[in-house]
Amino acid sequence: MLINHPLLGPRDASEFVYKGDAALINRPDPDAPDALERFIDYGYLRDNPAGAHRELWFHEQGDRSWLVVTRNTLTHEITDVELARDVARREGRSK
């Protein structure tokens, strides 16, 4: 499987490590009144969709960047790859 890295071009998936659902970018606010429940959900509850799914991948054997990869879990077809920092900024995270 090839991952078309936004900065480096097509790379073999063996250079990357799958880290989970891309929703992990949105960490809960530790100061929220229901922070404990939110962190339990954040740490332990995962969707397991059939079809298009946004995932976090880490370029461990390359530039060590984090990517959000949209991949079809049934066919493994990759339809989009973005730098995770760009996704986080677009979704309102400043850090």
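All values derive from a computational prediction rather than experimental measurement.
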Is a side-chain donor or acceptor of [X] paired with a backbone partner of [Y] at a separation under 3.5 angstrom?
X: Ser65; Y: Leu83; result: no
X: Asp47; Y: Pro49; result: no
X: Tyr18; Y: Leu56; result: no
X: Asp34; Y: Glu37; result: no
X: Thr70; Y: His53; result: no

Rounded to the nearest 0.5 Å, what's the gap from [atom1] on [X] to [atom2] on [Y]? Could you check?
X: Trp66; Y: Glu60; atom1: CH2; atom2: CD; answer: 9.5 Å
X: Arg11; Y: Ile3; atom1: CZ; atom2: CD1; answer: 11.0 Å
X: Leu45; Y: Ile40; atom1: CG; atom2: CD1; answer: 9.0 Å
X: Ile25; Y: Arg85; atom1: CD1; atom2: CZ; answer: 12.5 Å

[X] vs [Y] side-chain heavy atoms within contact, under 4.5 Å:
X: His5; Y: Val81; value: no
X: Leu8; Y: His59; value: yes
X: Lys19; Y: Trp57; value: no

Practice task
Find out if a path of hydrophobic residues (ILVMFWY) with successive side-chain heavy-atom gaps under 4.5 Å connects Val69 to Met1.
Solution key: yes
Practice task
Identify whether the distance between the nearest side-chain nitrogen and carboxylate oxygen of Arg27 and Glu91 falls below 4.0 Å.
Solution key: no
Problem - Salt-bridge contact Arg90-Glu82 (side-chain N to carboxylate O under 4.0 Å) - result: yes
Shortest non-hydrogen contact from [X] toward [Y]:
X: Ala35; Y: Asp29; result: CB-O, 3.7 Å
X: Phe16; Y: Leu67; result: CE2-CD1, 3.4 Å
X: Ala50; Y: Leu74; result: CB-CD2, 4.0 Å
X: Val68; Y: Ala22; result: CG1-CB, 3.9 Å

Handout entry: Side-chain donor-acceptor pair present, Arg71, His76, cut-off under 3.5 Å
Key = yes
Practice task
Please lay out, stage by stage, how Val17 and Gln61 fare under the test side-chain contact (heavy atoms from CB on, under 4.5 Å).
Solution key: CA-CA 9 Å; Val17 177; Gln61 296 180 20; over 6 Å; no
